[in-house]
Every structure is written in structure tokens, then in C-alpha cells.
Amino acid sequence: MDIKLFNGLHDRLETFKPIQPGKVTMYVCGPTVYDYVHIGNLRPLVVFDVLKKLFIALGYQVHHVSNYTDIDDRIIEKAQKEKVDEVTIAKRYIQAYQEDVAKMNALLPDQTPTVTEHLQAMITFIGKLIKDGFAYKTPSGDVFFRVNKVKNYGQLSHVDIHENKIGARVEVNPDKENPFDFVLWKHTTQGIKFSAPFGEGRPGWHTECVVMIKETFKQTLIDIHGGGFDLKFPHHENEMAQAQAAYQSRLANYWLHNGFINLNAEKMSKSTGNIFLAKDFLSTYSGPLLRYVLLATHYRMPVNISPLIIDNAQQELKKIQIGVAQIASYIQLQGASINNQKATPPESFLATLADDINTSNALTIIHQYLKEANGLLRQSHPPLDMLLNRFFTIQAMLSILGLAIEFPILTTEDHQLYKDYLQAKSNQNFGRSDEIRKILHQRNILF
RNA sequence: GGUUCCUUAGCCAAGUGGUAAGGCAAUUGACUGCAACUCAAUCACCAUCGGUUCGAUUCCGAUAGGAACCUCCA
């Protein structure tokens, strides 16, 4: 089955062709661990998790890498403020992030490189760029990348380096040869710093990612590079420029960017306080709820989060939860096993996901299956084999979307309760049957 | 100023050159001891104006409104 992805490099849908048949190399820019992440940071997590699960379902072997940026000005600032070292800060927020990842039911990347692990490689990398004339040192001790030296700078984001309006809103560093030149090595006097032939300091963000890619994949070209839309410029553009300079590679064949999450129709922003921390959302609501909200909209479109939308999503999710639980209960009450059945998702389901990750239509297919199964359950003699088939098929689909929908595992006590419930009902002992119904309802067995 | 993008029913949201998926909400009906759950039915002139076309919501242009990036940012 062909997989079509919207390649930000050419701004069009393209059929995915892996570098190595049957294998996918995918790098997703991870968080800078200076604080708790907000729900927006979780969108790429969900998008690329679904993509990864799709690839796996289609038989690909996926090598998925996502970094932690653990050297950054904001981390240094925070460390100084709290009078601890940078490692302490990074560790704290990496752990918090991983807790969020778990609650979102996302697969962990195969590797999670950090800047500190690959510093030497970054220093070597920058040294080579200087030697080859792609970078220069300024009087202040910073090392900048020389964008004029690479062809096609701007090919990803369509910026024009000869456009002189760049400084209209931003004060241009007079040390730069071109306003688009970006820092590879920041000369620093405070906080964590490292020694390099070109002075003490720390690497720039764009260099960090490009080097981590080379170091973890051991390749200079990967299949997929992903991240939020805002990363397209300057981050990804600059990563690509460095790869062009260092090894004449465009770094990745497919550049995927997810849209933003807005909060109450406004961009999330720390300065205005319009922000929803992931950990707060996940404790107030749930991982499946956030995932559902994100899956309901195409990944390149913006998603707005508001009380109304959360409410709506809760209703929709509840419908799926009830359906799945009812089928699961019926199957078990019939004495059939609910475990370890393998099922493949329907072809149409995989096809719609293979069409640029159309999760919205994927959810529609799940709804169709649920509706049919609900209909089967209403028959006077529901066909068990068909229900088993539908149940495991739905499970297979939910699993690819990463929607963790809980269903009850019935105990012998539950079986007895259900019998008692039916008995009480047929005896017209409604007081008793209502009592049992309440218990079974709490256990997610009856609704 | 430059560069991208969006506008589909009360709400969320797919999608297509041949007269619009799905879900939520609502209304009606069926089922039920009652309720819940579920099922069925009903519910859209696809922002506006031009153009291309036998035919456009879908392509092109303009207008209106909205958003993002260009500065750390998923």
C-alpha cells in the first residue's frame, strides 16, 4: 500500500519511498527541557506516534528518534535562578515529559539523544564548517553559519536571503554577514559551558539537532523529519543548510509539520498566560481525551481547545467507550475469551491513514464498526463469532490510533451478579435488579 | 513589508470537477418495568463576487474576515 505524505519540502502530497526498502528512519524534534510542556507540545507526539504505528502495521521496520534539548539558554537561566546545575533541571523535566508520554499512550522513541551526550561531535562538526568556509567567528566569540555559502538556502521555508526587509521588526546583529546567518556556537560566560577550539561556549539549537541525527542514525540522510509548523523556519531550514554544507545532503527526504493547538481561539503563549500545561490537562481530563481531540482534526490543521470542544469530545469518546465495553462484556458473558486474539485493521482504515494520516476519517471507520456491532448486540441472539470479529478489529484500529479505551475484564463474581440481575428482573424484583444494575454500571459492564 | 495557510450545518469536522462523510447537540420514532445504552429517521443553497468548464463547494483571480512564521517556541 502506498503511503502519501504532505512533504513540506515541496508543499505537496508525495508517495513515500523509503531510502531502504521496508525501513523508515524518522526524527522528531523533541522538547527543550526547561519547564513542563504544554498540550501543544503533545501534538507532534500524537501525530508521529500514529504515523509510526501505521508504518509498523504495514510491515515497516521503524527507527524512531526524538531528542531532548538539554542545553539551552532557558535551561541555564532556570538553573541559575534555582541555584542548581543544568543537569538537575533537564532531568526533572525529562522525567515529567516521559510521564506525559506514557499517559498519552505513545510509544517511546527507539533513541532519545541529548545534547550533552553528543557535544564532542558538535564541536567537531562546527570546526569542520569553519574550516570549509561555511562558518565564521565574530569578535564577540560567537560562531555563525554563512547562509550565502550554501545554494538553495530557503528551499524549505521560501525565505529569500536577499530580501532586506528582514530587519524591519528585528534588530540585526551587526556582526552577521547576512541577517539570516544563525549561531552555531554561542560564546557564554555564565552557566554551563564547554571548551572548543573556537572558544568557550555552547552549541546553538540548530546544530544540536543536525548532529544528533547524524550521531544516532549514523547516516547523513534520513526518511522523515518532523516537528511543529513553527520549526519549519528557522530551525529546519537551518538544519538542512548545515547538512548541505557538511555533507551535501538535504538531511531528510520528507519534512512533516503539524499544526498548532490554540487555546480559546488564541495562540498559547507563556507571556499572556494563555497556556494549558500537559500535566494539568492530563490530570483534569485524560490522555485518551486529548488524543481524541487531536485525532479528530487533520494534523496539518489548527486545533482549538475550549471548554465547549472538550465537552464535545468527551461525549464522542464516551460513545466509543460504552460501545467497546458493552461488546467486551457481552463476549465474556457468553463465556468467550477476550484476550490474545489477533486481528488486522480493515484495509480501508489503513488506506485512509496512508492518505496523509487522515485520522479524522479513521475515526469515522471506527464509528461505523461500532454502530454495526451495537446493532448486532440488539439482536435477540447476537452472533458471538461476528461480535468477536468486530471487537478485535476495533481493538486493532484503536491500537494504531493509540486510543486506549478501557473495557471490563469480568470476574466470576461479575458473572454471578449478571445472572442475579437477570433473575431479579424476570422475577420483577426491580428494587433488587436496580441495585445490581448500579453495581454493574460502576464496573463498566452495564449502561 | 515578505512567506505560508484557513473560511463546509447550532458545535466539531472529512472530502470531491458531476449537485456534500462522520460525530456531538436537537426533534421524532423503536426498544425498555422505569431509566440508561443502542438503533432508525429528520437536520447544509460548502464566506462573497467574477473567470475557466457541458458542469465548481472542489481549479484560477479578486474581495471580506481570520491565523501562523519571518524573534525563543510543537
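So that the names make sense, note that chain A is the first sequence line, chain B the second, and so on, each numbered from 1. It should be emphasised that the depicted structure is a prediction, and the values quoted were computed from it without experimental measurement.
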C1' spacing across the pair B/rU19 / B/rC70, given as an integer number of angstrom:
43 Å
Just checking A/Asp311: base, sugar-phosphate only, or nothing, at a heavy-atom cut-off of under 4.0 Å?
nothing
Inter-nucleotide P distance (B/rA67, B/rG50), Å rounded
28 Å
Closest to the side chain of A/His298, out of B/rA74, B/rA14, B/rU38, is B/rA14
So A/Gly259, base contact, sugar-phosphate only, or nothing? Heavy-atom distance under 4.0 Å.
base
Between the base of B/rA36 and the side chain of A/Arg437, is one N or O donor paired with an acceptor at under 3.5 angstrom?
no
A/Asn41 vs B/rA74: side-chain N/O to OP1/OP2 distance below 4.0 Å
yes
Donor-acceptor pair (no angle test) under 3.5 Å: A/His38 side chain, B/rA74 base
yes
For A/Leu363, report the nucleic acid contact type (base, sugar-phosphate, nothing); a contact means any heavy atom under 4.0 Å.
nothing
Both A/Tyr292 and A/Arg74 contact RNA chain B. Which one's nearest nucleotide lies toward the 5' end?
A/Tyr292
Expressed as a whole number of Å, how far does the P atom of B/rA14 sit from that of B/rU3?
27 Å
So, A/Phe229 and B/rA68: ring centres less than 5.5 Å apart, planes less than 30° off, yes or no?
no
Tell me what A/Ser433 touches on the nucleic acid: a base, only sugar-phosphate, or nothing, going by heavy atoms under 4.0 Å.
base
Aromatic rings A/Phe229 and A/His257: how do their planes relate, parallel, tilted or perpendicular, breaks at 30° and 60°?
perpendicular
Can you tell me the Watson-Crick or wobble partner of B/rA40, both distances under 3.5 angstrom?
B/rU28
If you measure from the Lys or Arg side-chain nitrogens to the Asp or Glu carboxylate oxygens, is any gap between A/Glu435 and A/Lys438 under 4.0 Å?
no
Verify the contact: side-chain N or O of A/Asn258 to OP1 or OP2 of B/rA74, cut-off strictly under 4.0 Å; return yes or no.
no
Residue mapping more 5' on RNA chain B - nearest nucleotide basis, A/Arg43 or A/Gln315:
A/Gln315
For A/Gly40, answer base if it contacts any base atom (sugar-phosphate contacts may also be present), sugar-phosphate if it contacts only those atoms, and nothing otherwise; contact means non-hydrogen atoms under 4.0 Å.
base
Residues, nucleotides or ligands: over 12 heavy atoms within 6.0 Å of A/Lys193 NZ
yes
Would you say a side-chain N or O of A/Lys371 is under 4.0 Å from OP1 or OP2 of B/rG23?
yes
Does a side-chain N or O from A/Lys267 land closer than 4.0 Å to OP1 or OP2 of B/rG66, or not?
no
Quick check: does any side chain N or O of A/Ser360 sit under 3.5 Å from a backbone N or O of A/Thr297, one acting as donor and the other as acceptor?
no
Could you give the distance separating B/rC72 and B/rG10 at their C1' atoms, to the nearest angstrom?
40 Å
If the plane angle is over 60° it's perpendicular, under 30° parallel, otherwise tilted; pick one for A/His225 and A/Trp255.
parallel
Rounded to the Å, how far apart are A/Asn238 CG and B/rC70 C1'?
12 Å
For B/rU58, give its Watson-Crick or G-U wobble partner with both distances under 3.5 Å, or none.
none
Establish, with yes or no, whether the OP1 or OP2 oxygen of B/rA67 is under 4.0 angstrom from a side-chain nitrogen or oxygen of A/Asn262.
no
Between the base of B/rC11 and the side chain of A/Asn312, is there a donor-acceptor distance below 3.5 Å?
yes
Do we see a donor-acceptor contact under 3.5 Å between the side chains of A/Tyr27 and A/Asn67?
yes
Taking a pair as Watson-Crick or G-U wobble with both distances under 3.5 Å, which nucleotide is matched to B/rC46?
none
Would you call A/Phe430 stacked on B/rG33, i.e. ring centres under 5.5 Å apart with the planes less than 30° off parallel?
yes
Counting side-chain heavy atoms from C-beta on, which of B/rC11, B/rA13, B/rU3 comes nearest to A/His158?
B/rU3
